[in-house]
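In what follows, a single structure is set out as C-alpha cells and then discussed.
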There are 2 protein chains.
Amino acid sequence: MSKCEHCIVRQFNALKELTTEELERISKCKSTLSIKKGELIFSEGEHLKGIYCIKKGVCKISKMSENGKDQIIHLIQKGGLLGERSIINDEVTNLKATALQDMLVCFIPKEEILKDLHENNEFSLGILKGMANSLKNADNVIVNMAQKTVKQRLAETLLFLDTNFEKTEDNKLGLQLSREDIANMIGTATESAIRLLSNFKKKGVISLKGKEINILNTEKLKKIARGF
Amino acid sequence: MSKCEHCIVRQFNALKELTTEELERISKCKSTLSIKKGELIFSEGEHLKGIYCIKKGVCKISKMSENGKDQIIHLIQKGGLLGERSIINDEVTNLKATALQDMLVCFIPKEEILKDLHENNEFSLGILKGMANSLKNADNVIVNMAQKTVKQRLAETLLFLDTNFEKTEDNKLGLQLSREDIANMIGTATESAIRLLSNFKKKGVISLKGKEINILNTEKLKKIARGF
DNA sequence: GTATAAAACTGATAAATATCAGGGTATATA
DNA sequence: TATATACCCTGATATTTATCAGTTTTATAC
C-alpha cells in the first residue's frame with residue numbers, strides 16, 4: 001500500500017502540515033478504499049469513525065431536503081478532505097457523500113486525526129484555514145441561491161465546472177453529470193434545468209451531446225450569470 | 001474599562017479557552033466601541049485590523065448581490081465573534097456587518113489573536129469548533145434557500161427569531177426587523193414578504209403591530225415551514 | 001403640531017418556475 | 001437481439017414570485 005509521506009495529494013489539504021513522523025504513523029493505520037461510481041462513501045446521520053482523503057475521482061456532497069430532493073452542496077475532488085467537521089464537533093454527519101466517478105479514497109481513523117489536532121498546532125491551523133475558506137464559499141452560495149434566477153445559477157454552475165475540473169482532450173467539461181444532478185446543484189426541477197440547457201444550446205452558448213457539455217462562448221455565459 | 005477576564009460574554013465563544021494571563025494581555029489592548037443602531041461595524045472588502053466580540057446588541061451580516069440587494073446571511077448577538085475568518089485567511093472581508101440595535105462591541109487587534117492562535121492550541125480548536133458549527137448551519141441555509149418556497153422560508157425565519165433571540169415581556173419577538181430586512185433574510189422582494197406576513201396574520205398564525213410580531217400558533221408555523 | 005420622508009401596504013400584471021403527462025432515446029441486461 | 005429501465009426531452013398548464021404603480025401609515029425633523 002502506498003505511503004502518505006510519498007503521496008502528492010496531501011499538498012492540497014491540511015495534511016501537508018504534518019511532520020514526517022506523524023505521516024508515517026498515519027500511513028500505518030490508514031486504509032485505501034476503492035469506490036465505484038454511484039456508491040455511497042457515507043450517508044446522512046452516520047457516525048463517522050474517521051476522515052476521508054480523496055486520492056482520485058470526484059464525489060458529490062448532498063443533503064436531503066424535506067420535499068425529498070437531494071440538494072448538492074458541493075463537489076469534492078482529488079486532495080479534498082471529507083468528514084473533518086463531524087469529527088471535530090463529535091457529531092453525526094449532516095451530509096451524504098456519493099461517488100460520481102470511480103474513486104480511490106484513503107480512510108484515516110478518528111483517533112489519529114484527533115491526536116494530531118491536539119498535538120500539532122500548525123495542523124489545527126491548516127484545518128482551520130480550509131474551513132474558513134469553505135465557509136466563505138458557502139456564504140457566496142447562499143447569496144446566489146437567494147438572489148439569482150435559475151438561469152443565472154445554471155450559467156454559474158457551468159462556469160464553475162469549467163474552471164474547477166479537468167477538461168477532456170477535446171476541451172469539453174471533464175466532469176459529466178446527469179441532468180438531475182445538475183438540477184440538484186442549482187436547486188431546481190430537472191425539467192427546468194433541461195429546458196435551460198436547451199435554451200443555452202439554441203443561443204449557441206454551449207453544445208450538447210448526451211452528457212458531454214462544451215462551452216462555446218464563455219463571455220456570454222458570464223453575462224448570463226450576471227443577469228443579462 | 002471592563003476587563004476581559006471578568007467578562008461573562010467570552011463563555012459563549014472560543015475566548016473561553018484562553019488562560020488568565022492571555023486574557024489579561026488582551027484586556028490591555030482591546031478597545032470597547034459603542035455602535036448606534038444602523039451604523040456599520042465593517043463593510044465588504046475592508047481589511048480588518050482585528051476581530052470583534054459582541055458584548056451587547058444584535059447585528060446583521062450581509063453581502064451585496066449583483067442585482068443590488070443586500071442578502072442577510074446571519075444575525076449575530078451577545079457572545080458572537082466577527083471577523084475571525086478574514087484574520088485567519090488574511091483576506092479582506094467578504095461580508096458587511098451592520099448594527100440592528102445599539103451595541104457594545106470589543107475590538108481585539110489582529111496580532112494578539114494571531115499570537116494566541118499560534119501559541120494556544122486549545123484556542124485554535126475552540127475557534128475551529130465554532131467555525132465547523134457555522135459551516136453546518138450554512139449548509140442547512142443553502143438547502144433551505146435552494147429547495148423551499150418563500151412561504152416556507154418566512155415561516156422558518158420567524159421560528160428562528162423565536163427560538164434564538166430574547167422575547168419581550170409580553171412574549172413577542174424581541175428582535176424587531178424592518179420588512180425589508182425580513183425580505184433580505186429569506187431572499188425575496190419586500191412586497192412578497194409583506195404579503196406573506198399579512199397572509200399569516202389572516203390565518204391567525206401571527207399577529208402584527210408595526211414591527212412587533214407575535215407568534216400565536218407555533219405548531220401551525222412549523223407545519224408551514226415543512227410545506228403544508 | 002406640521003411638514004417631510006421613509007416604511008408599510010395593496011392591487012394589477014408580468015415573468016419565472018414547478019408540475020403533470022407523455023414520448024423519445026440511450027443503456028444495460030438477459 | 002430483445003426487453004427492461006433509466007434518462008432525456010417537450011408541451012401544456014398551474015403556481016409562485018417579481019415588478020410596477022400607487023395609497024396609506026408611521027417615523028422624523030423642524
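Residue numbers begin at 1 in each chain, while the letters A, B, ... track the order of the sequences.
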side-chain contact (heavy atoms from CB on, under 4.5 Å) between Ile182(A) and Ile213(A), intermediate numbers included
CA-CA 12 Å; Ile182(A) 293 176; Ile213(A) 300 178; 4.2 Å; yes
Intermediate values then yes/no, side-chain contact (heavy atoms from CB on, under 4.5 Å), Arg85(B) and Asn94(B):
CA-CA 9 Å; Arg85(B) 232 177 36 248; Asn94(B) 59 325; 2.9 Å; yes
What verdict does the salt bridge (Lys or Arg N to Asp or Glu O under 4.0 Å) test give for Lys222(A) and Asp162(A), after you've listed the backbone C-alpha separation in whole Å, the side-chain angles of each residue and the deciding distance to 0.1 Å?
CA-CA 12 Å; Lys222(A) 284 182 185 168; Asp162(A) 187 44; over 6 Å; no
Please walk me through it: do Asp170(A) and Asn214(A) pass side-chain contact (heavy atoms from CB on, under 4.5 Å)?
CA-CA 9 Å; Asp170(A) 48 350; Asn214(A) 195 357; over 6 Å; no
Can you check side-chain contact (heavy atoms from CB on, under 4.5 Å) on His74(A) and Val141(A), steps first, answer last?
CA-CA 10 Å; His74(A) 32 254; Val141(A) 173; over 6 Å; no
Which protein N or O atoms sit under 3.5 Å from an N or O of nucleotides 6-11 of chain C?
{"from": "dA8(C)", "atom 1": "OP1", "to": "Arg179(B)", "atom 2": "N", "distance (Å)": "3.4"}
{"from": "dA8(C)", "atom 1": "OP1", "to": "Lys211(B)", "atom 2": "NZ", "distance (Å)": "3.2"}
{"from": "dA8(C)", "atom 1": "OP2", "to": "Arg179(B)", "atom 2": "N", "distance (Å)": "3.3"}
{"from": "dC9(C)", "atom 1": "OP1", "to": "Arg179(B)", "atom 2": "NH2", "distance (Å)": "3.4"}
{"from": "dC9(C)", "atom 1": "OP2", "to": "Arg179(B)", "atom 2": "NE", "distance (Å)": "2.5"}
{"from": "dC9(C)", "atom 1": "OP2", "to": "Arg179(B)", "atom 2": "NH2", "distance (Å)": "3.1"}
{"from": "dT10(C)", "atom 1": "OP2", "to": "Ser198(B)", "atom 2": "OG", "distance (Å)": "3.2"}
{"from": "dG11(C)", "atom 1": "N7", "to": "Arg195(B)", "atom 2": "NH1", "distance (Å)": "2.9"}
{"from": "dG11(C)", "atom 1": "O6", "to": "Arg195(B)", "atom 2": "NH2", "distance (Å)": "3.0"}

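Looking at Gln101(B), its side chain never comes within 3.5 Å of a backbone N or O of Lys37(B) through a donor-acceptor pair. In this structure, the side chain of Thr93(B) engages the main chain of Ser43(B) through a donor-acceptor pair within 3.5 Å. Arg153(B) places a side-chain N or O within 3.5 Å of a backbone atom of Ile186(B) that can act as its donor or acceptor partner.
Rounded to an integer number of Å, the gap from Ile182(A) CD1 to dC7(D) P is 13 Å. Put simply, CG on Leu196(A) is 16 Å from P on dA15(C), counting in whole angstrom units. Here dT17(C) presents its C1' atom at 15 Å from CG of Asn184(A), a figure rounded to the nearest Å.
In the region residues 144-154 of chain B, proximity to DNA chain D at under 4.0 angstrom, judged on heavy atoms, holds for Thr149(B), Val150(B).
Here the rule is side chain to side chain contact (heavy atoms under 4.5 Å, CB included) with Tyr52(B), and of Leu33(B), Ile76(B), Ile108(B) only Leu33(B) fits it.
The two atoms that bring Gln147(B) and Gln71(A) nearest to each other are NE2-OE1, 2.7 Å, heavy atoms only.
Five base pairs at each end of the helix from dG1(C)-dC30(D) to dA30(C)-dT1(D) define two local axes, and these are offset by 50° (rounded to 10°).
Taking only side-chain nitrogens and oxygens, Ser192(B) never comes nearer than 4.0 Å to OP1 or OP2 of dT17(D).
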